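To start, the structure under review is shown below, and the notes come after it.
Quantities reported herein were computed from a predicted structural model and do not represent experimental measurements. Quick note: numbers below take in every heavy atom, side chains included, and nothing from hydrogens, waters or symmetry partners.
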Amino acid sequence: MKSAYFLILSAAISLFSCQSSTQTESIQADSTEVVLDEGVQLIPIQTPKGEFKVWTKRVGDNPTMKVLLLHGGPGMTHEQYANFKDYLPQENIEFIWYDQLGSAHSDQPDDSTLWTIERFVDEVEQVRIGLGLNKDNFYLYGQSWGGMLGMEYAFRHQKNLKGLIISNMMASLDDYEKYAKEVLGPQMPPAVFAELMEIEKNNDFENPRYMELLGEHHYPQHVLRMPPNEWPEEINRMMGQVNPNVYVYMQGYSEFGITSGASLEGWDVKDQLKNITVPTLVIGGTHDTMDPKHMEWMSKEVKNGRFLLCPNGSHLSQYDDPEHFFPGLIDFIKDVDSGSFN
């Protein structure tokens with residue numbers, strides 16, 4: 001099924017302003033949000049192409065611990081975090097599901113000029129203001145492309161953050177591609193990897209063998225370590241809602257890097273990590289599509305970092321290693337909130 005291919009939060013999930021922060025600060029939380037059913041707010045977003053609305057849903061209520069979730073893709077959906085409801089509310093941690101512009105319940109304009117990192121960063125800032133989040137309560141969590149977006153947000157707006165969580169994302173897409181091709185690929189049977197690389201060389205991504213081989217030899221090993229027929233319903237729903245116009249424009253077709261010509265090609269912020277000073281948790285999985293050693297290094301490059309390794313986890317560690325993922329995430333949030341983080 002073609003939509004399954006876009007699940008690979010692997011590349012940016014591998015990831016994504018024209019308005020200044022002064023302009024966006026003029027948006028008032030009590031006047032811009034549209035309240036629908038319980039917890040749901042549609043936040044108006046000003047863009048160079050006009051106003052659109054993005055969907056958010058608040059779960060819980062805590063004045064000092066509010067976690068905004070940035071999904072992967074780009075063009076995926078908030079449902080990759082569906083199981084957060086089974087862990088965070090019990091710890092009195094509020095979280096907010098959020099579909100980025102172009103995704104799922106949010107508006108989906110057909111204009112590729114909107115799919116830039118800078119505009120997505122500006123969108124997150126407008127969502128922050130619309131939800132009333134600030135440095136006393138605002139934790140930003142991003143996984144894969146969401147982690148990329150979270151880093152980019154922190155470079156520009158970390159004064160608004162209480163804590164940052166970068167999950168399953170490296171700081172360089174070239175390094176990601178090198179890891180995928182030099183470490184993960186050779187773990188496959190040689191003939192399988194050779195066939196996949198030949199398909200990529202020929203840009204033959206419509207070839208059904210591409211997905212067939214990945215579905216057997218890559219996804220269940222490095223994206224979600226469960227038999228495909230046992231993947232959670234919400235993950236399958238997410239796969240069916242991926243917006244290929246956003247994903248392909250920014251990420252491309254390859255599962256072993258960024259397709260040449262995609263807008264995220266060459267993204268690298270390794271030398272900027274030292275500028276992140278807010279408490280930061282970096283999460284990786286031993287079996288991740290991303291290099292766990294690189295992610296551990298990232299946690300040491302930021303000024304106030306901690307690394308969480310999920311030893312049984314892959315790219316979606318919240319599902320295949322919740323025993324390590326959630327306690328580590330919860331401890332970080334509570335440590336920062338109590339002032340005991342170091």
Side-chain angles (χ1 to χ4, degrees), residues 3 6-9 11-19 24 27 32-34 40-59 67-82 84 95-131 133 138-154 156-157 164-169 234-235 237-251 262-264 267:
S3 63
F6 294 105
L7 165 63
I8 285 308
L9 311 144
I13 25 173
S14 281
L15 341 153
F16 3 123
S17 79
C18 291
Q19 282 195 301
T24 57
I27 299 173
T32 60
E33 58 194 34
V34 179
V40 172
Q41 299 169 15
L42 297 181
I43 308 295
I45 300 299
Q46 304 300 325
T47 79
K49 296 305 175 75
E51 180 178 294
F52 301 99
K53 289 183 172 62
V54 297
W55 179 96
T56 68
K57 181 169 183 177
R58 190 186 303 260
V59 179
V67 186
L68 179 65
L69 303 174
L70 304 179
H71 62 68
M76 299 290 179
T77 83
H78 73 279
E79 289 204 275
Q80 76 180 76
Y81 302 124
F84 276 45
F95 68 90
I96 301 127
W97 283 314
Y98 157 37
D99 285 333
Q100 298 155 29
L101 188 65
S103 298
H105 301 310
S106 295
D107 287 346
Q108 300 190 26
D110 185 16
D111 190 331
S112 62
T113 65
L114 294 168
W115 314 137
T116 68
I117 291 175
E118 292 74 19
R119 196 215 55 79
F120 274 109
V121 168
D122 188 59
E123 175 183 320
V124 174
E125 174 64 353
Q126 294 185 61
V127 169
R128 176 193 72 81
I129 296 166
L131 292 171
L133 307 176
F138 179 29
Y139 294 82
L140 185 62
Y141 177 106
Q143 189 166 29
S144 199
W145 144 250
M148 191 175 187
L149 181 54
M151 284 182 260
E152 292 282 0
Y153 179 88
R156 296 164 175 80
H157 300 291
L164 174 67
I165 300 102
I166 304 166
S167 184
N168 310 91
M169 187 64 225
E234 55 266 28
I235 296 300
R237 273 200 310 269
M238 178 187 72
M239 292 164 57
Q241 295 183 70
V242 173
N243 186 339
N245 294 327
V246 182
Y247 186 97
V248 174
Y249 180 81
M250 299 184 75
Q251 143 79 25
S263 67
L264 294 176
W267 181 84

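Across all their heavy atoms, A154 and L164 have their closest contact at CB-CD2, 3.9 Å. Taking all atoms of both residues into account, the shortest heavy-atom contact from P74 to V246 is CB-CG1, 3.8 Å.
For F95, the ring pair (Phe, Tyr, Trp, His ring centres under 6.0 Å) test picks out W97, with sequence neighbours left out. With sequence neighbours left out, Y98 forms a ring pair (Phe, Tyr, Trp, His ring centres under 6.0 Å) with no residue at all. Under the side chain to side chain contact (heavy atoms under 4.5 Å, CB included) criterion, R156 pairs with E118, V121, E152, not counting sequence neighbours.
No side-chain donor-acceptor contact under 3.5 Å links N243 to the backbone of S103. Between the side chain of E51 and the main chain of T47, no donor-acceptor pair closer than 3.5 Å is present. Between the side chain of Q100 and the backbone N or O of H71, at least one donor-acceptor pair lies under 3.5 Å. A distance-only check finds a donor-acceptor pair linking the side chain of Q80 to the backbone of G72 [under 3.5 Å]. Within the 3.5 Å criterion, the main-chain N or O of G73 finds no donor-acceptor partner in the side chain of Q251. A side-chain donor-acceptor contact under 3.5 Å links S106 to the backbone of D99.
Under the 4.5 Å side-chain criterion, counting only non-hydrogen atoms from C-beta, L140 is not in contact with I165. With a 4.5 Å cut-off on side-chain heavy atoms, L149 and V124 count as touching. Within the 4.5 Å cutoff, the side chain of Y139 has no heavy atoms near those of the L133 side chain. Side-chain contact check for L131 versus R58: some heavy-atom pair is nearer than 4.5 Å.
One distance of note links CD1 of I45 with CG of L114; it measures 11.5 Å at 0.5 Å rounding. Rounding to the nearest 0.5 angstrom, the gap separating the CG atom in L264 from the OH atom in Y247 is 10.0 Å.
Between the side chains of T113 and K49, at least one donor N or O lies within less than 3.5 Å of an accepting N or O.
Ring centers of Y81 and Y141: under 6.0 Å apart, within the cut-off.
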